Amino acid sequence: MTRFTVNNQPVQYRLDPKTPLLWALRDASNLTGAKYGCGTGDCGACTVDVDGEAVKSCQTMIGAIEGSFVTTIEGLSRDRSHPVQLAWLAKNVTQCGFCVPGMVMAAAVFLKKNRNPSEDEIRAGITNLCRCGVYPRVVDAVLRAARVARGDENIEAGASPGTSPDEAAKRVPALTPTPQ
């Protein structure tokens with residue numbers, strides 16, 4: 001049995017220790033934020049935080065991380081208040097959304113290590129692939145998230161998950177539905 005912590009919850013997997021972390025998370029824990037993209041560790045759609053490192057979960061066997069602390073996109077912040085998530089929304093980074101969880105996790109780990117990155121450091125440090133080509137917006141979002149994390153800037157959070165559209169519009173006037 002393999003034991004480690006996922007999103008601050010101790011877990012025990014009765015899976016072969018050679019099972020990729022991605023499949024343990026998705027299939028055994030129903031944490032589907034990390035995506036299967038390439039299966040070779042090249043695209044980064046499956047990126048999670050393992051002990052403060054951005055890890056390609058499709059290439060990490062659960063037996064190799066016994067005792068580790070894993071954070072997935074679901075555990076980054078339940079109310080989407082993490083600076084990277086706020087900046088991602090504010091900068092309209094998302095297009096199709098498939099790569100977003102892995103990129104957000106890569107950016108969150110990157111900013112833990114570099115609180116004041118340059119554009120070139122971001123491009124070199126976040127190597128995830130995006131078929132939609134949102135790379136310029138990713139750089140802008142990471143720069144903004146860094147400012148938020150340092151306390152140099154604020155981003156007003158949108159509505160929390162599960163908020164009704166009417167309640168969201170009260171909190172964020174830009175979300176007011178247009179009459180039809």
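These numbers come from the heavy atoms of this one structure, side chains and all, not from hydrogens, waters or symmetry mates. Remember, it's a predicted structure, so these values are computed and weren't measured experimentally.
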### Verdict with supporting geometry, E53 and K113, salt bridge (charged side-chain N to carboxylate O under 4.0 Å, His left out)
CA-CA 9 Å; E53 296 295 324; K113 297 176 180 190; 2.7 Å; yes
Do we see a donor-acceptor contact under 3.5 Å between the side chains of [X] and [Y]?
X	Y	answer
N114	E121	yes
S77	Q85	yes
R137	N92	no
D120	S118	no

Using only atom types and a distance under 3.5 Å, with no angle test, would you say the side chain of [X] pairs donor to acceptor with the backbone of [Y]?
X	Y	answer
N128	G102	yes
T60	K56	yes
D49	A54	no
E66	R3	yes
K91	A141	no
Q59	G39	yes
K18	L15	no
R123	V139	no
R26	A34	yes
N7	T72	yes

#### Entry: Shortest non-hydrogen separation from G41 to C58 and the atoms involved
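Closest approach of G41 to C58: N-SG, 3.4 Å.
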### Task
Kindly give the heavy-atom pair with the smallest separation between A108 and L76, and that separation in Å.
CB-CD1, 4.1 Å
[X] atom [atom1], over 12 foreign heavy atoms within 6.0 Å:
X	atom1	value
R150	CZ	yes
F98	CZ	yes
D152	CG	yes

### Query
In the single-linkage hydrophobic clustering (I, L, V, M, F, W, Y; side-chain heavy atoms under 4.5 Å), do I126 and V48 co-cluster?
no
### Message
For residues Y13 and M61: do they belong to one hydrophobic cluster (side chain heavy atoms under 4.5 Å, members Ile, Leu, Val, Met, Phe, Trp, Tyr)?
### Response
no
### Message
Run the salt bridge (charged side-chain N to carboxylate O under 4.0 Å, His left out) test on E153 and R144 for me, step by step, so that the C-alpha distance in whole Å, both residues' side-chain angles and the decisive distance to 0.1 Å come before the verdict.
### Response
CA-CA 8 Å; E153 181 178 334; R144 190 162 186 193; 2.4 Å; yes
